[in-house]
Amino acid sequence: MSKEVRVRFAPSPTGALHIGGVRTALYNYLFARKKGGKFLLRIEDTDQNRFVPGAEDYIKSSLDWIGIAPDESPWNPGDCGPYRQSERKPMYMEYARYLLEQGHAYYAFDTSEELDAMRQRLTAARVVSPQYNSITRTQMKNSLTLPADEVKARLDSGDPYVIRIKIPRKEEVRLNDMVRGWVMVHSNSLDDKVLMKSDGMPTYHLANIVDDHLMGITHVIRGEEWLPSAPLHVLLYKYLGWEDSMPEFAHLPLLLKPDGNGKLSKRDAEKHGFPIFPLNWTDPISGELVDGFRESGYLPEAFLNFLAFLGWNPGDQRELFTLDELVEAFSIERIGKSGTKFDINKAKWYNEQYLRNKSDKVLAEYLLADLKKENISVSQEKAEKIVAVMKERATFPSDLWQEGRFMVFAPKKFDEQVAAKKWNQDAIKVLTTFRVKLAAIDAVLTAQLAREMLGEAAAAEGIKLGKVMQAVRLAITGVGAGPDLMQIFEILGKEELIKRIDFALDNIVAS
RNA sequence: GGUCCGUUCGUCUAGGGGUUAGGACGCAUCCCUUUCACGGAUGAAACACGGGUUCGAUUCCCGUACGGACUACCA
């Protein structure tokens, strides 16, 4: 029997959660569900300088929005807590000490000025990669170069120090990535990364390995930006004696800019006018607001579906998937290797698909909510009729109202181009006759009845209905295009129609 | 610069030693329709380049180019 799958999403609370992060979380979630395992969330807040208030709530809300809440998290702890690295601070030193004892790590006392000087010296000497490594460490202030008593004295006196990993000089480090296959790196291209910072906090590298091990993580699914440091992580598992339980790695392709190249960034959102964050976010320091998919009118199921397909596909030609269907279809093997450009058109298309699949009842709620903001009230019945005819042309729920304002408000002005082309004596005659007929009926105006009456009006004037339809539409809605006119007539009703015809007759100026 | 990763229509991608290289978004045309939209149909549109290996390569290998990530006491 194989071990229960446990995966984690491990964001840093340094600002709004980027869409790429949401995708990483989603893939982790899908994999966990598919394998009947657990999806955990761990907050990686070891850098106290970069902590941003509210970022953690933002992460939670984002995942909740698309329905992928973690099984274990700071706000829903399991047996492996705490789930914030800052709260796990006391746990890391033990492992750093073990590394020290085993000779795989050492104390370093260099100041940042000394480190800068070292890098400058190496750069000046045209060393290809100036780094703290097996060669340069012999010239720096650390427990490898300093006499033992001085090291002890420094530690005892509370001198600031860091603990660095001692990367072996000649070793081939390899890992079998689930999306990329074998990746090999020679240890001489690795540097002696800091494991414990002088403030007593671990760096990402140590904390990550320790926590993943302690939390029983079986698969690490994360962004490709981590691939270069994965060999370091492999080495840490080995030195900590956890090689046998080392998780499998899957490095996800990055999300790229829609135009040109480069990683998708906040600037792209501003430049192209579409969101790249799941929810609205106001920076607590600058006060700057960035738009979210949710507030921009994207439905969570559409956003989710869109996101899943950024770098993954099911291998067949289906494109519309619910979360459950995604779970069913998901596999890491079908994740692509290359970076993915972000195309907002596809996101809009998904939104349209999901919007149209919603019932008129649900859609009416969106409409009613928008109407309420403007203190307009219409009946549930009328709202449902309106959305029924509007939904085929809407991308966002707000379009239901924005594109259909004429359903409530009579036009005050009329599209001049349409008026110039279509408004003529024939139109005026037909409308006038139609108005008379309308005033004479008692029955409730249905689309079918409206159609008959308008046809009769045209026939009475000896005019082909098709010739004047657009003018009629103009008179009633103010514009030249829209949903089926007879449906609009039915929704508007007799009285409103008469009013609008009268107004149009008085106000449209024919050219 | 160095290390690592990648490269099929504009975009997301399927495929894989012999295919008319398939689908989706977007675009165009046509049909439906009183209009627009929806829907339907059709079309334009791709294997980065150069060498191998092979009877045959877009597919395998090697280079080149291009792109990306990383190169902090940030994650």
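This one's a predicted model, so the numbers in the text were calculated from it and none came from an experiment.
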Out of U34(B), C4(B), U35(B), which has the shortest distance to the side chain of Val183(A)? C4(B)

Against the side chain of Gln131(A), the closest entry in U34(B), G68(B), U71(B) is U71(B)

Taking OP1 and OP2 of U13(B), is either one under 4.0 Å from a side-chain nitrogen or oxygen of Asn313(A)? no

For Arg334(A) and G15(B), is the shortest distance between a side-chain N/O and OP1 or OP2 below 4.0 Å? yes

Is it true that, when you exclude [X] itself, more than 12 heavy atoms of the residues, nucleotides or ligands shown sit nearer than 6.0 Å to its [atom1]?
X         : atom1 : answer
Gln417(A) : CD    : no
Gln448(A) : CD    : no
Arg267(A) : CZ    : no

Measure from [atom1] on [X] to [atom2] on [N] and round the result to the nearest Å.
X         : N      : atom1 : atom2 : value
Leu474(A) : U34(B) : CG    : P     : 19 Å
Ile167(A) : U3(B)  : CD1   : C1'   : 13 Å
Leu232(A) : U3(B)  : CG    : P     : 18 Å
Arg180(A) : C70(B) : CZ    : P     : 13 Å
Lys257(A) : G67(B) : NZ    : P     : 14 Å
Leu255(A) : U13(B) : CG    : C1'   : 15 Å
Lys348(A) : C12(B) : NZ    : C1'   : 16 Å
Lys358(A) : C38(B) : NZ    : P     : 20 Å

[N] and [M]: how far apart are their [atom1] atoms, nearest whole angstrom?
N      : M      : atom1 : value
G15(B) : C73(B) : C1'   : 48 Å
A37(B) : C66(B) : C1'   : 42 Å
A44(B) : U7(B)  : C1'   : 24 Å
C55(B) : A48(B) : P     : 25 Å
C61(B) : A41(B) : C1'   : 45 Å
G67(B) : A24(B) : C1'   : 24 Å
G23(B) : A46(B) : C1'   : 14 Å
G39(B) : G16(B) : C1'   : 35 Å

Atom pairs, protein N/O to nucleotides 72-75 of chain B N/O, distance under 3.5 Å:
unit_1	atom_1	unit_2	atom_2	d
C73(B)	OP2	Arg164(A)	NH2	3.4
C73(B)	O2	Ser198(A)	N	2.7
C73(B)	O2	Ser198(A)	OG	2.8
C73(B)	N3	Ser198(A)	OG	3.0
C73(B)	N4	Asp110(A)	O	3.3
C74(B)	OP2	Lys197(A)	NZ	3.1
C74(B)	O2'	Asp47(A)	OD2	3.2
C74(B)	O2'	Arg50(A)	NE	3.3
C74(B)	O2'	Arg50(A)	NH2	3.3
C74(B)	O2	Arg50(A)	NH1	3.4
C74(B)	O2	Arg50(A)	NH2	3.3
A75(B)	OP1	Thr46(A)	OG1	2.7
A75(B)	OP1	Lys197(A)	NZ	2.7
A75(B)	OP2	Tyr204(A)	N	3.2
A75(B)	O3'	Ser12(A)	OG	3.1
A75(B)	O3'	Glu44(A)	OE1	3.0
A75(B)	O2'	Ser12(A)	OG	2.5

Quick check on RNA chain B: between Val128(A) and Glu224(A), whose nearest nucleotide comes earlier from the 5' end? Val128(A)

Taking pairing as Watson-Crick or G-U wobble with both contacts under 3.5 Å, can you name the mate of [N], or confirm there isn't one?
N      : result
A69(B) : U3(B)
C49(B) : G63(B)
A24(B) : U11(B)
G18(B) : C55(B)
C30(B) : G40(B)

Identify whether any heavy atom of [X] sits under 4.0 Å from a base atom; if not, whether one sits that close to sugar-phosphate; answer base, sugar-phosphate or nothing.
X         : value
Ser189(A) : sugar-phosphate
Leu227(A) : sugar-phosphate
Gly311(A) : sugar-phosphate
Pro253(A) : nothing
Arg318(A) : nothing

So, are [X] and [Y] salt-bridged, with charged N and O less than 4.0 Å apart?
X         : Y         : answer
Arg84(A)  : Asp45(A)  : no
Lys193(A) : Asp191(A) : yes
Arg50(A)  : Glu44(A)  : no
Arg119(A) : Glu114(A) : no
Arg88(A)  : Asp211(A) : yes

Collect all protein-nucleotide pairs involving nucleotides 40-42 of chain B in which both atoms are nitrogen or oxygen and the distance is under 3.5 Å.
none

Using the benzene-type ring in the case of Trp, are the ring centres of [X] and [Y] under 6.0 Å apart?
X         : Y         : value
Phe277(A) : Tyr58(A)  : no
Tyr354(A) : Trp349(A) : no
Trp312(A) : Phe330(A) : yes

Describe, in one word, how the ring planes of Tyr237(A) and Phe249(A) are oriented to each other, choosing from parallel (under 30°), tilted (30 to 60°) and perpendicular (over 60°). perpendicular

Heavy atoms under 4.0 Å is the rule here; annotate nucleotides 19-30 of chain B 5' to 3' with B where the base is hit, S where only the sugar-phosphate is, and - elsewhere. ---SSBSS----

Sole candidate of Tyr298(A), Phe303(A), Phe293(A), Tyr350(A) that passes ring pair (Phe, Tyr, Trp, His ring centres under 6.0 Å) when paired with Phe396(A): Tyr298(A)

Within 45° of the ring axis of Phe109(A) and under 6.0 Å from its six-membered ring centre, is that where the NZ or CZ of Arg154(A) lies? yes

